[in-house]
There are 2 protein chains.
Amino acid sequence: MASIKDVAVEAGLSVATVSRALNGHPSVSPAARRRVEAAVETLGYRPNAVARSLRTDRTRTLGLVISDVMNPYFTELARSVEEEARALGYSVVIGNADERPDLQDHHVTTLLDRRIDGLLVSPTDGGSPGMLAAARAGTPMVFVDRWIPGVDVPVVRSDGRAAVRDLVAHLHGLGHRRLAIIAGPAATTTGRERVDAFREALGAYGLALPGTYIGQGDFQAESGRRATERFLDLDEPPEVVFAADNLMALGALDAVRARGLRVPEDIALAAFDDIPWFVHTDPPVTAIAQPTRDLGRAAVRALVERIAGRAGESVTLPARLVVRRSCGKPGKPGNSSIESPSPVRRSTP
Amino acid sequence: MASIKDVAVEAGLSVATVSRALNGHPSVSPAARRRVEAAVETLGYRPNAVARSLRTDRTRTLGLVISDVMNPYFTELARSVEEEARALGYSVVIGNADERPDLQDHHVTTLLDRRIDGLLVSPTDGGSPGMLAAARAGTPMVFVDRWIPGVDVPVVRSDGRAAVRDLVAHLHGLGHRRLAIIAGPAATTTGRERVDAFREALGAYGLALPGTYIGQGDFQAESGRRATERFLDLDEPPEVVFAADNLMALGALDAVRARGLRVPEDIALAAFDDIPWFVHTDPPVTAIAQPTRDLGRAAVRALVERIAGRAGESVTLPARLVVRRSCGKPGKPGNSSIESPSPVRRSTP
DNA sequence: ATCCTCCGTGTAATCGATTCCACAAGGAGG
DNA sequence: CCTCCTTGTGGAATCGATTACACGGAGGAT
């Protein structure tokens, strides 16, 4: 592959002048500039980004370490991050942590070894050693979606509290009183916050959230299935299951169907994170939608600010409730009662 | 950040010895090795991959240019590619072409500028200039899923012919005779092949595939919706719509539902590419499943072979039919007739 | 005792860019 | 006509690694 030296020879100039011409430096004569362009053209020269990075100490690359690419929410996030980054002249290298702290650390160190200019992370846990080290070392960093308390890094996320309140109001209005949640890992902020928000919203209606109605999930479909089975095995199973992410909702749907039960007639279902497929599931799933695109954009902008040495502000955007049919219809018989407990239902087929 | 020079000073050795110790070169005394390890530890040294790449001309990075990350099929492909690459000591940089040739070219050139060791591509079109140039320039390359005829590059893909035959047999067995397809872009191999396979399979039953029953799609949901609407507007609408990918199937489902029609009672639906959500849509969608994980693995292995200067073989794996409920049930009244045309249905509500 | 090996280490070139500094040419001002 | 400044260009150092080559000393063979 042709190097800048070849271009210099071809153009009859020094590498210094070629470099200046290529970088739009003002003190290059139009004639020289033309000769450089011609030489570049004939040689098909492309600057070696590796060499450039070594010299300038900038790679114009951002690292994005994501909890789970197979989760459509994160896929969309990754997409919007790449879009915004590209608009700002950056490339993005994605690392998929698969909800595993060790994999997360692997990607963080690999990315730092590659000397990316900045790091976008949605942490899988409370802070793996590699990531904390990166934060301390002063790598420009921004947390997105999830964050780690106590680490001084801007956070771009959405606040689901209001939407969860809306959801609980919706459920309460439909007559549901026994509400359960499938939580995410306690090590993640989103895992904890969603449970807290749910409990708080229930409290406003004088409803409690007993331990048996909190399922421990890990944001993966399989855990949603298991948690739901446990709910269904209870003497008094919940009337509603709220899954803290879309994959666990998918698992819940699996479990319900496996027992021959129907949503929402036998049990209602709602999820955090809205995705296109929820429109077409049977039934369409009521969900809390995050402004994913905006989150990705804001995160990149904050990170680029950090890279430029400026503050880079934290951003919190509101999520909103999208009502579909998985919790039942208002005024539907058997669910419209307010005071009396919901009709008896089979706990197992 | 500490450099190898700092380590050398700290250990009281030359950079050459440090480098050799770090790379496991045999001619380093145990004593020196220990001192290097200690110095690395105290300084928290990590080798600069940029400098290393400049010198060795290897980045241990693969580029993956994908047609559309938001498509679950490609997401899964990307995941398996990354997994296998990681196992072989490579990182993967993903570029999302979003089915746009210009974006595809942007990513290819960016990746080449970064001097990735090899390129995995599922081309969006018949060959954008940048990609053809890369292939000619001798960049180790492998096509995955889709390929470009006439370009001498190994291809890792799956063959859907048999599965499409099975699908048509299944549909024919259910009594369907008017079968339509939503095709992908003619510029892609998968776009053409799936139509060809479908037509061929129909031919075996003496059925034709009229032009009006071929919808032009672009592998995106919206195009599936439009094509389906056009089908439904026909005087004699098809009894079955076969979408050449999962996103267009989603769009088709949209369109059918928007008219108040039901699947499979009013119109049957099948799709190429199986995804987890198809189990939970209403109704569950009959689909042709590719061995995505295996494809990703095989593609990486072929590429690494190429990088090592060896041939790198093309691989073709079979796809298989997964029957669900979106085409109707065997023996279902109204669909079991063989000779008589299917029952009259509303073309518009 | 002399010479030859082999082992461990260091010096320095190298990869492909960027950029500081020096310098030549030419015009302006005295 | 000499000095000074501006403009365009080139030489060379530099980024952080790898690696060819040289070299000094220990040990074995003669």
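Every chain is numbered from 1 and lettered A, B, ... according to where its sequence line falls, protein lines coming before strand lines.
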Just to be sure I understand the rule, does [X] reach a base, reach only the sugar-phosphate, or reach nothing, if contact means heavy atoms closer than 4.0 Å?
{"X": "A/D57", "value": "nothing"}
{"X": "A/L22", "value": "nothing"}
{"X": "B/V28", "value": "sugar-phosphate"}
{"X": "B/S27", "value": "base"}
{"X": "A/A32", "value": "sugar-phosphate"}
{"X": "A/T56", "value": "sugar-phosphate"}

Does the [X] side chain pair with the main chain of [Y], one donor and one acceptor, at a distance under 3.5 Å?
{"X": "B/T139", "Y": "B/A135", "answer": "no"}
{"X": "A/N23", "Y": "A/R20", "answer": "no"}
{"X": "B/T59", "Y": "B/R115", "answer": "yes"}
{"X": "A/R157", "Y": "A/R146", "answer": "no"}

Worksheet item: Would you say the side chains of B/S67 and B/S122 form a donor-acceptor pair under 3.5 Å?
Response: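 Yes, B/S122 and B/S67 have a side-chain donor paired with an acceptor closer than 3.5 Å.
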Rounded off to whole Å, could you give me the [atom1]-to-[atom2] distance for the [X] and [N] pair?
{"X": "B/H25", "N": "C/dC7", "atom1": "NE2", "atom2": "P", "result": "12 Å"}
{"X": "B/R20", "N": "C/dG8", "atom1": "CZ", "atom2": "P", "result": "11 Å"}
{"X": "B/R58", "N": "C/dT14", "atom1": "CZ", "atom2": "P", "result": "22 Å"}
{"X": "B/R33", "N": "C/dC7", "atom1": "CZ", "atom2": "P", "result": "14 Å"}
{"X": "B/I4", "N": "C/dG10", "atom1": "CD1", "atom2": "C1'", "result": "13 Å"}

Item to complete: Tell me, please, which residues at least two apart from B/D68 pass salt bridge (Lys or Arg N to Asp or Glu O under 4.0 Å).
Response: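 B/D68: no salt bridge (Lys or Arg N to Asp or Glu O under 4.0 Å) contacts found.
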Worksheet item: Within the structure, does a side-chain N or O atom of B/S29 lie under 4.0 Å from either OP1 or OP2 of C/dG8?
Response: no
Worksheet item: Does a side-chain N or O from A/R52 land closer than 4.0 Å to OP1 or OP2 of C/dT18, or not?
Response: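 Answer is yes, contact under 4.0 Å.
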Discussion item. I'd like to know whether A/R293 forms a salt bridge (charged side-chain N to carboxylate O under 4.0 Å, His left out) with A/E84, so could you lay out the CA-CA distance, the side-chain angles of the two residues, the decisive distance to 0.1 Å, and finally the verdict.
Written reply: CA-CA 9 Å; A/R293 303 286 289 262; A/E84 182 70 8; over 6 Å; no
Fill in: B/V15 side chain, from C-beta outward: closest of C/dT19, C/dA12, C/dT9
C/dA12
Worksheet item: Where does the chain B footprint on DNA chain D start and end, counting 5' to 3' with a 4.0 Å heavy-atom cut-off?
Response: D/dG16 to D/dA20
Worksheet item: DNA chain C: B/L13 or B/A51, which has the more 5' nearest nucleotide?
Response: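 That would be B/L13.
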